[in-house]
Amino acid sequence: MMSSTSLFTTPPPPHTTTNRLPPPNKLAVIISNSKSIGQLLKIHAALYRQNLHNDPLLNFHLLRAYSFLNRLNYSITLFNQTHNKNIFLYTAIIHCHAQHNYYEQALLYYSHMLTDNIEPNAFSFSSVLKSCPLKPGRALHSQTIKFDLDKDLYVRTSLVDVYARGGDVSSAKKLFETMPQRSLVSLTTMMTCYAKHGELVAARVLFDEMEQKDVVCWNVMIDGYVQQGLPNEALVLFRRMLAEKVRPNEVTLVAVLSACGQIGALETGRWVHSYIENTGIKINVQVATSLIDMYSKCGSLEDSRLVFDRVNDKDVIAWNSMIVGYAMHGFSKDALRLFNEMCRVGLKPTDVTFIGILNACAHAGLVDEGWGFFNSMREEYAIVPKVEHYGCMVDILSRAGKLEEAYELVTNMEIEPDLVVWGSLLGACRLHGNAQLGEKIAEYLVSQKLANSGTYILLSNIFAAKGDWNAVARVRTLMKENGVQKEPGCSSIEVNNKVHEFLAGDLRHPNSKEIYMMLEEINGWLKVQNYIPGRT
DNA sequence: ATAGGGTTAG
């Protein structure tokens, strides 16, 4: 960066000013508390004028402050211009790079430090291990043993984290269990490891054993349930957290709102929203996005939009949530209008944006526009379409009855089509009564062992729609032979803060008699309105 | 004199 180089290489001006600066220890505090780059540069300039620009302590703080204000280039320049770098400066530059996820640079500075004959300490290791992937992490692990630092609480915690992030759960566990001492953070690290790998029970055991719990470990446990699709457990834990007077933060709320969205718990979601407003927790862009997503998943787009309009610094994810929300509910025009607006304010769409607008095109039957957006992904935005985007295109073409074109697209994809793509095409075959193509696809899926119960059901429905009952029977036999069982359909609804779950054919609900009577009544209304099941 | 570890949105 030109500006950074010239800034540091310009010789200090002659001492014309006699402005007194605070003593170095005060200056260090001022530097590390700098809130803007302009302020920091002013201080740095003053240091030049006072000939204090070679002070190791102040340069250490300057280096960290520049990185903190996202000016890593200034940190690097400062580092390079310092002679006789000490371990503090090395550790600081390693830490800055690790913080910005430049783990390769961090490792490079680590090895420079060794060739510079500076022996790493525990601080160096905990810095370089942050954001380090598994392979170099293993090498660093042996280095920690070599320097006899592998039992240090901080170093060991970082090592557990490295193995955890790298997916080597058993190594993480071994290192954790042989730790000379545990801490709240090391326990949370291990809990995170278990939660991320679906071992919720193991995570919960640690959680329940913890003597003191802070907001972070509550968050890990709650979000663990959310990520594993156990929103009810997450909400139960959230209520316990409130009962135990632990104050939730933004991270907690993001997880809890996601749980509400998963079960469609609108009332609980609204309660969380008012809790946020009443307790004065800051609605940052992440929380706002979670609110938008929650309201949209719970079917209240009006509330989504109210939140959306009140967010000041909307990022692309916030826009995506609103666009996807409109698209999901069939408000195609609103989705596309919002997309144009987003581009106008200068935000670059992401792959998720395109899932939204392609979905909007599918709902509105916009085939040409769909192709246009699909092609623009690559051509204008350099986004490689994922299997989901192909799925949307298949949906667009299928709904328009262009089954052969859709089939053509799927067979020519440069990535493997998944069952969702095929399923969407199979569904279209049923809808448009194309048994021939449907059979071809199903045969292929069965032969490739890709078929699930849905594949068989769709195929069977295709034949049933044609009245080919022999073929239906053949499919049923095939299902039995391959041991395929139909998984019952499932849905849930929240009434008076209680979530009720329903399985197809389930009679266990205390009010199941009334529920089925109501269903009969609705079916009657539909019949009167000439609704034909299976036609969407 | 100076520093380090764990949790966020589709």
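Values below: every heavy atom of this structure, side chains too, minus hydrogens, waters and symmetry copies. Convention: sequence-line order gives letters A, B, ...; per-chain numbering from 1.
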Trainee: With a 4.0 Å cut-off on heavy atoms, is A/Ser124 in touch with a base, just the backbone sugar-phosphate, or nothing at all?
Mentor: nothing
Trainee: Using the ring pair (Phe, Tyr, Trp, His ring centres under 6.0 Å) criterion, which residues pair with A/Tyr103? Sequence neighbours excluded.
Mentor: none
Trainee: The criterion is salt bridge (charged side-chain N to carboxylate O under 4.0 Å, His left out); which residues satisfy it with A/Asp315, sequence neighbours excluded?
Mentor: none
Trainee: To the closest 0.5 Å, what do you measure between CE (A/Met241) and OG1 (A/Thr252)?
Mentor: 4.0 Å
Trainee: Can you sort out the partners of A/Asp55 under side chain to side chain donor-acceptor pair (under 3.5 Å), two or more places apart, ordered by chain and number?
Mentor: none
Trainee: Would you classify A/Leu153 as touching base, sugar-phosphate or nothing, given that sugar-phosphate means primed atoms plus P, OP1 and OP2, and contacts are heavy atoms under 4.0 Å?
Mentor: base
Trainee: Tell me, which of residues 321-350 of chain A have any heavy atom that sits under 4.0 Å from an atom in DNA chain B?
Mentor: A/Ser321, A/Thr350
Trainee: Can we say A/Asp303 and A/Arg270 salt-bridge, meaning some charged N sits less than 4.0 Å from an Asp/Glu carboxylate O?
Mentor: yes
Trainee: Indicate, with a heavy-atom threshold strictly under 4.0 Å, whether A/Ala122 touches base, sugar-phosphate, or nothing.
Mentor: base
Trainee: Which part of the nucleic acid, if any, lies within contact of A/Leu184, taking any heavy atom under 4.0 Å across all strands shown: a base, the sugar-phosphate backbone alone, or nothing?
Mentor: base
Trainee: For A/Thr144, enumerate each residue passing the side chain to side chain donor-acceptor pair (under 3.5 Å) test, keeping only those at least two apart in sequence or located in another chain.
Mentor: none
Trainee: Please classify the nucleic acid contact of A/Arg64 as base, sugar-phosphate, or nothing, using heavy-atom distances under 4.0 Å.
Mentor: sugar-phosphate
Trainee: Got a sec? Which of residues 159-174 of chain A come in under 4.0 Å of DNA chain B, heavy atoms?
Mentor: none
Trainee: Would you classify A/Thr189 as touching base, sugar-phosphate or nothing, given that sugar-phosphate means primed atoms plus P, OP1 and OP2, and contacts are heavy atoms under 4.0 Å?
Mentor: sugar-phosphate
Trainee: A/Asp214 near the nucleic acid: base, sugar-phosphate alone, or nothing, with a heavy-atom cut-off under 4.0 Å?
Mentor: base
Trainee: Check every nucleotide of DNA chain B for an atom under 4.0 Å from a heavy-atom of chain A, then give the first and the last such nucleotide from 5' to 3'.
Mentor: B/dA1 to B/dG10
Trainee: Return the set of residues passing salt bridge (charged side-chain N to carboxylate O under 4.0 Å, His left out) with A/Arg182 (not counting sequence neighbours), or none when no residue passes.
Mentor: none
Trainee: My understanding is that only residues two or more places apart in sequence, or in another chain, count here; which of them pass salt bridge (charged side-chain N to carboxylate O under 4.0 Å, His left out) with A/Lys386?
Mentor: A/Asp351
Trainee: Base, sugar-phosphate, or nothing for A/Asn320, non-hydrogen atoms under 4.0 angstrom?
Mentor: base
Trainee: Strictly by salt bridge (charged side-chain N to carboxylate O under 4.0 Å, His left out), give each pair with a member in residues 156-173 of chain A just once, sequence neighbours left out.
Mentor: A/Arg138-A/Asp168, A/Asp150-A/Arg156, A/Asp161-A/Arg165
Trainee: With sequence neighbours excluded, what pairs up with A/Tyr163 under the ring pair (Phe, Tyr, Trp, His ring centres under 6.0 Å) test?
Mentor: A/His141
Trainee: My understanding is that only residues two or more places apart in sequence, or in another chain, count here; which of them pass salt bridge (charged side-chain N to carboxylate O under 4.0 Å, His left out) with A/Glu244?
Mentor: A/Arg240
